K.L.:
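One structure follows; several queries about it will come next.
Side chains are part of it too, since the values below use all heavy atoms of this structure and drop only hydrogens, waters and symmetry mates. Everything numeric here is computed off the predicted structure, so don't read it as measured data.
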Amino acid sequence: MNSNNQELLGNPGNLGGQPSYAEVERLTKELFEEAQRLHPNGGIVITIVAPGAQNIAHLDSQTIIYQGGQDGMHHGLSSSDRQKSEPKSKNVYERIRDCIELLMQEKYTEQVGNRTVVELLFNQQSHWQAVYRVLADKEYCEDSDFDGFDVLVRKSMPGKVNKPYSKASVKQISQTDFCRPFREWKFDEETSKTRKPFDRMVAVAQRFLEILEENGL
């Protein structure tokens, strides 16, 4: 600390004993303002450690940080407080689980005669094939590696799903038009029995792909 900073803070012995937190904070603000005047374009970090500290790492919870530069002053948290306040980042399985949960909540609107029917989009066990197809296309599992997908989906499985997952059911995709990459799906009257199940599977895959991308996957 240079002489200018010492004059600004004063002699701690003249504070009348142990300074209060408010007094330390006031003096720190004054020191920050002086440092910012001397270095207006630089980032400034001022750390105050409680009396008697042997190592700053031991007193993270008692650390006051003022940070600034061209954007002005920011009163930050101590490193331990920042760790407490920052949410733990999720791994890929947790993020995929979140996306599957969102998929389970999606609604599907269909015209049946004169009626408009709204129901859950994911409503068949076979719709897990769409989940597999999209995750394989995005290389979260290998194409046709149903054992690898089984491990992935079980680690990512939400607590509640609309229809139970079955590896055997997903493996049946190899016998359908859905075995090709999603972008190559095309309705074929010779191989697909009816249009509605095809359109529904497309809708499930499309929405799951969108949810993944909306969540950075």
Side-chain angles (χ1 to χ4, degrees), residues 21 25 28 32 36 41-50 53-108 120-123 125 127-167 169-170 173 181-183 201-217:
Y21 184 93
E25 187 172 26
T28 305
F32 174 87
Q36 190 175 42
N41 297 321
I44 302 164
V45 177
I46 300 173
T47 304
I48 306 299
V49 181
Q54 299 300 313
N55 189 314
I56 188 171
H58 297 163
L59 291 162
D60 283 343
S61 62
Q62 301 178 48
T63 302
I64 308 167
I65 298 176
Y66 290 90
Q67 208 167 15
Q70 292 179 329
D71 295 332
M73 183 173 69
H74 306 283
H75 182 182
L77 298 171
S78 68
S79 58
S80 62
D81 289 337
R82 285 198 300 275
Q83 291 172 0
K84 293 175 184 177
S85 64
E86 292 174 357
K88 180 182 177 182
S89 59
K90 294 184 177 182
N91 62 40
V92 67
Y93 301 113
E94 293 169 324
R95 295 172 68 192
I96 290 174
R97 179 185 302 130
D98 291 345
C99 292
I100 293 174
E101 287 181 340
L102 291 172
L103 177 65
M104 296 297 159
Q105 299 169 23
E106 289 292 316
K107 297 294 193 295
Y108 185 76
L120 289 171
L121 171 62
F122 193 110
N123 71 345
Q125 188 177 58
H127 290 163
W128 284 104
Q129 295 176 9
V131 173
Y132 155 75
R133 184 66 267 163
V134 171
L135 290 174
D137 288 352
K138 294 183 77 65
E139 299 182 348
Y140 287 105
C141 62
E142 295 290 333
D143 201 356
S144 299
D145 180 7
F146 299 107
D147 290 336
F149 173 72
D150 185 68
V151 171
L152 171 64
V153 79
R154 290 185 184 281
K155 287 185 176 181
S156 306
M157 186 65 67
K160 182 179 179 181
V161 294
N162 301 349
K163 293 294 177 180
Y165 160 76
S166 164
K167 182 172 74 170
S169 175
V170 171
I173 194 174
F182 173 56
R183 296 303 184 191
M201 188 74 84
V202 170
V204 174
Q206 180 63 47
R207 187 63 192 120
F208 186 50
L209 176 63
E210 292 169 351
I211 291 171
L212 289 171
E213 292 179 347
E214 287 165 4
N215 288 273
L217 293 172

K.L.:
What do you reckon, is CD of Glu139 surrounded by more than 12 foreign heavy atoms closer than 6.0 Å?
P.N.:
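No, the 6.0 Å shell around CD holds no more than 12 heavy atoms from other groups.
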K.L.:
Hey, are the side chains of Tyr108 and Val204 touching, using non-hydrogen atoms and a 4.5 Å cut-off?
P.N.:
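Tyr108 does not reach Val204 side chain to side chain.
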K.L.:
Check this for me: Glu142, atom CD, are more than 12 non-hydrogen atoms of other residues, nucleotides or ligands nearer than 6.0 Å?
P.N.:
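No, CD of Glu142 has 12 or fewer neighbouring heavy atoms, counting only those of other groups under 6.0 Å.
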K.L.:
Using ring centroids (six-membered ring only for Trp), state whether Phe146 and Tyr132 fall under 6.0 Å.
P.N.:
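Centroid separation for Tyr132 and Phe146: below 6.0 Å.
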K.L.:
So, does Asp150 use its side chain to make a donor-acceptor pair with the main chain of Lys167 at under 3.5 Å?
P.N.:
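No; judged by distance alone, with no hydrogens or angles, the pair does not exist.
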K.L.:
Between Asn162 and Asn123, is there a donor-acceptor pair closer than 3.5 Å when you use the side chain of the first and the backbone of the second?
P.N.:
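Here the side-chain-to-backbone pair does not exist.
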K.L.:
Counting N and O atoms only, with roles assigned by atom type, does the side chain of Asn91 sit under 3.5 Å from a partner on the main chain of Tyr93, one being a donor and the other an acceptor?
P.N.:
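Checking the backbone N and O of Tyr93 against the side chain of Asn91, a donor-acceptor pair under 3.5 Å is found.
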K.L.:
Check this for me, if you would: do Glu94 and Lys155 make a salt bridge, where the nitrogen-to-carboxylate-oxygen distance has to be below 4.0 angstrom?
P.N.:
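Between Lys155 and Glu94 there is no salt bridge, as every charged N stays at least 4.0 Å from the carboxylate O atoms.
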K.L.:
CG of Leu217 to CZ of Arg95: how many Å apart, nearest 0.5 Å?
P.N.:
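Those atoms lie 4.0 Å apart.
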K.L.:
Got a second to check how far Asn215's CG is from Asp98's CG, nearest 0.5 Å?
P.N.:
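Here the interatomic distance stands at 7.0 Å.
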K.L.:
Please check: side-chain N/O of Gln125 versus main-chain N/O of Pro164, any donor-acceptor pairing under 3.5 Å?
P.N.:
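Yes, because the side chain of Gln125 sits within donor-acceptor range (under 3.5 Å) of the backbone of Pro164.
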K.L.:
Around atom NZ of Lys90, are there more than 12 heavy atoms from other residues, nucleotides or ligands closer than 6.0 Å?
P.N.:
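Open: at most 12 neighbouring heavy atoms sit under 6.0 Å from NZ of Lys90.
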K.L.:
Side chains of Leu103 and Cys99: closer than 4.5 Å at any heavy-atom pair?
P.N.:
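When only atoms from C-beta onward are counted, Cys99 and Leu103 do not touch, as no gap falls below 4.5 Å.
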K.L.:
For side chain to side chain contact (heavy atoms under 4.5 Å, CB included), just list the numbers for Met104 and Glu101, CA-CA rounded to whole Å, side-chain angles, deciding distance to a tenth of an Å, and then say yes or no.
P.N.:
CA-CA 5 Å; Met104 296 297 159; Glu101 287 181 340; 5.7 Å; no
